[in-house]
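Just so we're on the same page: letters track the sequence lines, and every chain starts at 1.
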Number of protein chains: 2
Amino acid sequence: MKFSRQRAAILSFLQSRKDHPTAELVYTNVKEEFPNISLGTVYRNLNQLAEAGMITKHSFGDLGIDHFDYNTNPHQHFVCSCCNAVIDLPAEHNDFSFIDKEAAKGFDGLIQGHRLYFCGICRGCLDQREN
Amino acid sequence: MKFSRQRAAILSFLQSRKDHPTAELVYTNVKEEFPNISLGTVYRNLNQLAEAGMITKHSFGDLGIDHFDYNTNPHQHFVCSCCNAVIDLPAEHNDFSFIDKEAAKGFDGLIQGHRLYFCGICRGCLDQREN
DNA sequence: TATAATAACAGTAATCATTACTGATATATG
DNA sequence: CATATATCAGTAATGATTACTGTTATTATA
């Protein structure tokens with residue numbers, strides 16, 4: 001795996017954001033430094049970086065668009081059903097791995113894990129609704 | 001909302017299956033009774049039925065294809081990462097709504113619910129691996 | 001440091017699931 | 001039964017993502 005300047009820029013941009021950009025957003029931002037970069041290159045790199053475990057790819061069913069996360073530590077996500085923002089939950093109460101054992105009761109098959117995210121309205125959208 | 005024969009057939013097919021067919025699968029099956037039916041009609045009806053609360057639409061991020069469920073009672077799902085089958089979990093230990101309150105601790109925003117499904121290897125794929 | 005092997009690139013075309021559009025047809029209601 | 005309109009079949013368009021291709025950049029090695 002060679003380390004191109006484009007890949008460095010993509011990784012660096014992802015590192016600079018605590019939200020979870022889409023490939024399109026990565027593209028438009030990295031484009032400022034590399035005007036010729038192509039969207040395919042962004043996708044390929046994001047997927048390779050995810051494959052290598054350096055970033056995480058999140059596919060939220062509701063959104064239909066993949067989001068990429070520089071933070072590979074296990075943590076929970078919240079998706080605002082109003083503005084579609086993806087927000088990290090505080091790390092305190094986030095170990096829900098026990099539900100795998102719970103779900104395995106009476107199930108004939110091997111449960112290896114789960115996909116989970118929370119839905120609702122974020123602070124920003126709540127404030128706007130008050131007006 | 002008028003009740004067309006096509007919509008009846010779509011609903012009836014969905015009722016006959018305990019798995020969770022995709023629009024494509026519904027299409028190929030209903031096509032036997034209505035050779036001229038179009039895929040767009042299937043999608044439109046499935047979405048309208050879901051909108052009306054008569055069926056449920058599931059968007060599993062890993063799969064990228066929507067699945068439709070005649071059973072609207074709340075229950076949990078298992079997705080086989082080997083054959084992509086969607087299987088209902090037994091109803092006993094399936095109320096995980098308490099995790100919403102857990103996740104809300106320390107989060108500034110309104111958590112209204114969550115999306116959850118389990119991943120692993122189904123019985124059929126486990127048996128095949130033994131050989 | 002020069003060179004050769006090849007991973008990665010930009011650009012473009014293709015794919016796949018899904019939705020939107022259009023004129024014709026079927027369904028429900030008065 | 002007639003009228004209004006929801007739904008239809010067929011087709012085109014969309015949007016996210018992936019695949020292809022000939023060229024360029026990176027890395028290992030001599």
Side-chain angles (χ1 to χ4, degrees), chain A residues 1-14 19-69 79 83-86, chain B residues 1-14 19-69 79 84-86 115:
Chain A
M1 189 176 184
K2 297 179 181 174
F3 210 66
S4 67
R5 293 174 300 132
Q6 289 88 338
R7 180 171 301 153
I10 289 168
L11 193 55
S12 157
F13 170 71
L14 215 54
D19 62 346
H20 308 70
T22 62
E24 190 71 40
L25 191 65
V26 173
Y27 173 64
T28 55
N29 276 274
V30 174
K31 210 175 173 61
E32 291 174 14
E33 189 182 353
F34 293 89
N36 294 348
I37 200 168
S38 104
L39 187 53
T41 296
V42 173
Y43 271 105
R44 182 166 26 78
N45 276 290
L46 289 172
N47 283 327
Q48 282 180 229
L49 289 167
E51 191 76 22
M54 301 178 70
I55 65 175
T56 308
K57 177 179 179 172
H58 298 292
S59 303
F60 302 104
D62 292 11
L63 298 182
I65 308 174
D66 292 343
H67 290 248
F68 296 87
D69 192 347
V79 176
C83 69
N84 289 341
V86 177
Chain B
M1 189 176 184
K2 298 179 179 174
F3 209 66
S4 68
R5 293 175 300 131
Q6 288 89 336
R7 181 171 301 154
I10 288 167
L11 194 55
S12 157
F13 171 72
L14 215 54
D19 62 346
H20 309 70
T22 61
E24 190 71 40
L25 191 65
V26 173
Y27 172 64
T28 56
N29 278 271
V30 174
K31 208 174 174 61
E32 291 174 13
E33 189 182 353
F34 293 88
N36 295 348
I37 201 169
S38 104
L39 187 54
T41 296
V42 172
Y43 270 105
R44 182 165 28 77
N45 276 290
L46 288 171
N47 283 328
Q48 283 181 227
L49 289 167
E51 192 77 22
M54 303 178 68
I55 66 175
T56 308
K57 177 179 180 172
H58 298 293
S59 303
F60 302 104
D62 293 10
L63 298 183
I65 308 175
D66 291 344
H67 290 248
F68 297 87
D69 193 347
V79 176
N84 288 340
V86 178
R115 303 269 180 276

Discussion item. Closest-nucleotide mapping onto DNA chain C: is B:Gly64 or B:Phe3 further toward the 5' terminus? I mean the 5' end.
Written reply: B:Gly64
Discussion item. Quick check: on DNA chain C, is the nucleotide nearest B:Arg5 upstream (toward 5') of the one nearest B:Phe68, or the reverse? Name the residue that is more 5'.
Written reply: B:Phe68
Worksheet item: Mind checking whether B:His58 and B:Asp69 have side chains closer than 4.5 Å, heavy atoms only?
Response: yes
Item to complete: Examine C:dT19: is either OP1 or OP2 under 4.0 Å from a nitrogen or oxygen in the side chain of B:Asn47? Give yes or no.
Response: yes
Fill in: Rounded distance in Å - OH (B:Tyr27) to P (D:dT11)
11 Å
Fill in: Euclidean distance, atom CG of residue B:Asp66 to atom C1' of D:dG15 [Å, nearest integer]
14 Å
Worksheet entry | Nearest-angstrom distance from the residue atom CD1 of A:Ile10 to P of C:dA8 | 12 Å
Worksheet item: Given D:dA9, C:dA10, C:dT19, which nucleotide is nearest the side-chain atoms of B:Tyr43?
Response: C:dT19
Worksheet entry | Atom-pair distance (CD1 on A:Ile65; C1' on C:dT18), nearest Å | 14 Å
Worksheet item: Are the side chain of B:His20 and the backbone N or O of B:His67 linked by a donor-acceptor pair below 3.5 Å?
Response: no
Fill in: B:Arg44 side-chain proximity, nearest of D:dC8, C:dT18, C:dA8
D:dC8
Discussion item. Determine whether a donor-acceptor pair (N or O, by modelled atom type, separation under 3.5 Å) exists between the side chain of B:Arg7 and the backbone of B:Lys2.
Written reply: yes
Worksheet item: In terms of side-chain heavy atoms of A:Met1, which of C:dA8, C:dT19, C:dT27 is nearest?
Response: C:dA8
Item to complete: Give A:Glu24 one of three labels, base, sugar-phosphate or nothing, depending on what nucleic acid heavy atoms sit under 4.0 Å from its own.
Response: nothing
Worksheet item: For the pair made of CG in B:Leu46 and P in D:dT7, what is the distance, rounded to whole Å?
Response: 14 Å
Item to complete: Determine: side-chain N/O of A:Ser4 to OP1/OP2 of D:dT26, distance under 4.0 Å, yes or no.
Response: no
Worksheet item: Is the phosphate of C:dA8, meaning OP1 or OP2, less than 4.0 Å from a side-chain N or O of A:Gln48?
Response: yes
Worksheet item: Heavy atoms, side chains only, cut-off 4.5 Å: are A:Val26 and A:Phe68 in contact?
Response: no
Worksheet item: Looking for any heavy atom pair under 4.0 Å, which part of the strands does A:Leu39 touch: base, sugar-phosphate only, or nothing?
Response: base
Worksheet item: Hey, are the side chains of A:Val79 and A:Leu63 touching, using non-hydrogen atoms and a 4.5 Å cut-off?
Response: yes
Discussion item. Checking contacts here: which listed nucleotide (D:dC8, C:dT6, D:dT5) is nearest the side-chain heavy atoms of B:Lys2?
Written reply: D:dT5
Item to complete: Decide if atom CD of B:Glu51 counts as having more than 12 heavy atoms of other residues, nucleotides or ligands within a radius under 6.0 Å.
Response: no
Worksheet item: Does D:dT24 have OP1 or OP2 sitting under 4.0 Å from an N or O in the side chain of A:Asn36?
Response: no
Discussion item. What is the separation between atom CD on A:Glu33 and atom P on C:dC9, rounded to the nearest whole Å?
Written reply: 13 Å
Practice prompt. For A:His67 and D:dA16, give me the distance from atom NE2 to atom C1', rounded to whole Å.
Written response: 12 Å
Practice prompt. Would you please confirm or rule out a distance under 4.0 Å between OP1 or OP2 of C:dA10 and any side-chain N or O of A:Gln6?
Written response: yes
Fill in: Whole-Å distance separating the CZ atom of A:Arg7 from the C1' atom of D:dT24
15 Å
Worksheet item: At under 4.0 Å between heavy atoms, what does B:Thr41 touch on the DNA or RNA strands: base, sugar-phosphate, or nothing?
Response: base
